[in-house]
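Data block below; observations after.
Below, read A as the first sequence line, B as the second, and so on, with proteins coming before strands; counting in each chain starts at 1. These numbers come from the heavy atoms of this one structure, side chains and all, not from hydrogens, waters or symmetry mates.
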Amino acid sequence: MSILREARLVAAKDLRIERRSRVALQQIVPFGVIVLVLFAFAIDPDRGLLPRLAPGLFWAALLLASILAVNRSFAVEEANGARDGLRLSGLDGAAIFLGKAAAIAAELALLELVLGVGVIVLYDVTPRNALVLFLTAVAATIALAATGTVYGIVAAGLRVRETLVPLLVLPAVTPVMLGATRAFESALGGVPSEAWPWVQLLGACAVLSVIVGVLAFGPLLEES
Amino acid sequence: MDHNWGYVAAGYGITTGALLVYGGWLWNRLRRAQQSATDGD
Amino acid sequence: MPVVSMRSAVCLLGRFPALAGADLDVDEGDILLLSGPNGAGKTTLLRCVAGLVPLHSGTAFVFGHDLAFDRRTARHELALVGHETFCYDDLTVRENLRFAAAAARRPNAAADAALERLDLGRVADIAHSRLSAGQRRRLSLAVALAREARLLLLDEPHAGLDPTTRETLDAILLGAASEGRTVVLASHELVYARAIATREARVVAGLVQGGLAPATTKPEPKPLEVRA
Amino acid sequence: MSRNARRVFGGVTLVLLAITAVLALWVSPADKEQGDAMRLLYLHVPTAWLAYLAFFVTALASALWLWPRTRSTTWDLLAGASAEVGVLFTGLMLMLGSLWGRPIWGTWWEWDARLTTTAVLFFLYLGYLALRRTADTSEQRGKRCAIAALIAFADVPIVHFSVNWWQTLHQTGTVFNPKLDVQIHGTMAVTLLLSVLSFTMLYVCLTLSRLRLAELEEGREQRELELAIAERIAAEHPEPAVTV
């Protein structure tokens, strides 16, 4: 299908740019880790609170870092009139959306791995119920990447883009944040059955946000 | 039974104040916009 | 069917009417030169034809597609050389070209041919951010060439070119026209541009003087408007 | 509405609001359990209802703007006007909820599903209003704002559902939620009904005025634009341009 071919083209382009510029690796990932460290400063690590709060702190750190990833993904399109080039290219809007969201999702997946190790090491968490953790992470990543990409193009080309994106994205992803945190809590607390409703909620969020993006990205790109 | 009139007064006061401020702002802007619209014609 | 047909087109840049009611016809095989002072609306005219700027009022058709309703379909057939390269700083020249070609469904060979044609072989593996201004100009042309478009829109293509590249450019444009493709170029370098142009229209203050081809200056039926 | 009809409607609204205030503050009795804090309910309920109504109107107007057959600048302006009034009422609702919660629940804030959802709603539409302010012309504004409004509105039930679920899964029994369980006295019911009615009329007044202001401003911009086009042509063509 040509849409998937075009999406792959865009995703490969974005990931290649990230590999060259190393912004994700050298700036966004360290940012996520420093947020984890700061949370530990803010919460007294001696009282055993950190392992209990770990799921929430993990997702909060990821959410903050994901805003940077979204902004970076659209900053790349700002220079040299690249967004005009993208519109002129004749690529399908839905394909551009899928490609850009997939590239952001890949970066978030890398970030989750690093933050996961960080949480295990710094917050003294023992991973359990790998399947629940994995499914939660997959669904939440897709939902975050898709929502971020939609709002990234909503704000693209505006003078206030970088400050507007967090204001738009953060309230919109509260269900994702809530669901992912609860699912992780249940999995790590040893009651994986309680996690399933949340995983389903996350799955629904992921599907919905992808549908919205596929439908809306093209028209939004035209207006940007 | 607590009466809590302080909370009631604060709630009604802030609501009235906010609505008056917004309404007044709207009224002023509207009057000025109407004036400039009739001047322009 | 004219390639471009525009009537009373108004385009806004912010709140400024950059095009204030432009009329323009371009036929297949034309090399149309748009001349005129700075700020007259030449760039906006080209961007409007490319579908990057929406029409505020008036009508515009490119390859028969009504730009008021569909600015996307015509883009598969056209290429725009603007002031910027539309390329990514962190990719190399070759990667940028191949991305542009692949997006237009052209093979990598088309990208590599354009690379050679504009003498970019030596900088093919250098990141876009490290190119000189002259190399960027050539890359812009190469991107347009790699798309193998039927309508070439060029904004000041002669600016900052050395004599060799200028000759290459002229050869490309003349070659394109002889193959039945259409060229619209906005230029201040009138000596060079007039040497290859088949027609000239003057853009002044958002209007196009002489934008209608001689044959169509007589009163004519309005272009068929199929409103979807 | 004609000028006179607007005045009559506005006058009736003000009279009803005054009657509501008298009923709410003096006539209706204090609640047996909640005391006089119960009187905040007469403001809290209508502001909450109007917050949702306003955002529903915004979503509806945005959808009508997106639908090609009904596209008209008025819908875009109505969406913005309603969202602005909605944010005002949402802010008031949060403030009132907090003031009410303090004596009743003992805290300024309770992570109650309704309060939390409304807080998220508040920020969603603050973002929407910020987005509206960024565009120069209504043409640029239209599509991205309409889509953002629809996404925000679609997000509301998901937020409400997930927050509600969070409550039932983890905090059963800890939330004392007396809101509509109170025995409603006859006078209280009448007061509440009247306050909802008068506030809804106030919403209509404010939104229509805001819409009218936006339309006047839009009209002025349109005239300025036409002037700019004429000037641009005239500046280069002292004689009327011979159009071919």
Completion exercise
Per-residue tally against chain D (heavy atom, under 4.5 Å) across B:A33, B:G11, B:A18 peaks at B:G11
Side chain, backbone, both or neither: which part of [X] has a heavy atom under 4.5 Å from chain B?
{"X": "D:R220", "result": "side chain"}
{"X": "D:L96", "result": "side chain"}
{"X": "D:L92", "result": "side chain"}
{"X": "D:L25", "result": "both"}

Completion exercise
Heavy atoms of D:D36 and B:W5 approach each other most closely as OD2-NE1, 3.0 Å
Handout entry: Heavy-atom side-chain contact between D:M38 and B:V8 under 4.5 Å
Key =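 Contact flag for D:M38/B:V8 side chains = no.
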[X] side, atom [atom1]; [Y] side, atom [atom2] - distance, nearest 0.5 Å:
{"X": "B:S36", "Y": "D:R223", "atom1": "OG", "atom2": "CZ", "result": "7.0 Å"}
{"X": "D:R39", "Y": "B:Y12", "atom1": "CZ", "atom2": "OH", "result": "7.5 Å"}
{"X": "B:T15", "Y": "D:L88", "atom1": "OG1", "atom2": "CG", "result": "9.5 Å"}
{"X": "B:R29", "Y": "D:R212", "atom1": "CZ", "atom2": "CZ", "result": "14.0 Å"}

Handout entry: B:Y22 versus chain D, the contacting section by heavy-atom distance below 4.5 Å
Key =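 For B:Y22, the side chain is the part near chain D, not the backbone.
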Handout entry: Over 12 foreign heavy atoms within 6.0 Å of CH2, D:W108
Key = yes
Handout entry: D:W109 atom CH2: more than 12 heavy-atom contacts under 6.0 Å
Key = yes
Handout entry: Derivation and outcome, side chain to side chain contact (heavy atoms under 4.5 Å, CB included), residues B:L19 and D:F199
Key = CA-CA 11 Å; B:L19 289 175; D:F199 268 80; 4.1 Å; yes
Practice task
Begin with the C-alpha distance, continue with both residues' side-chain angles, and end with the deciding distance and a verdict on side chain to side chain contact (heavy atoms under 4.5 Å, CB included) for D:L213 and B:L30.
Solution key: CA-CA 5 Å; D:L213 175 60; B:L30 203 53; 3.6 Å; yes
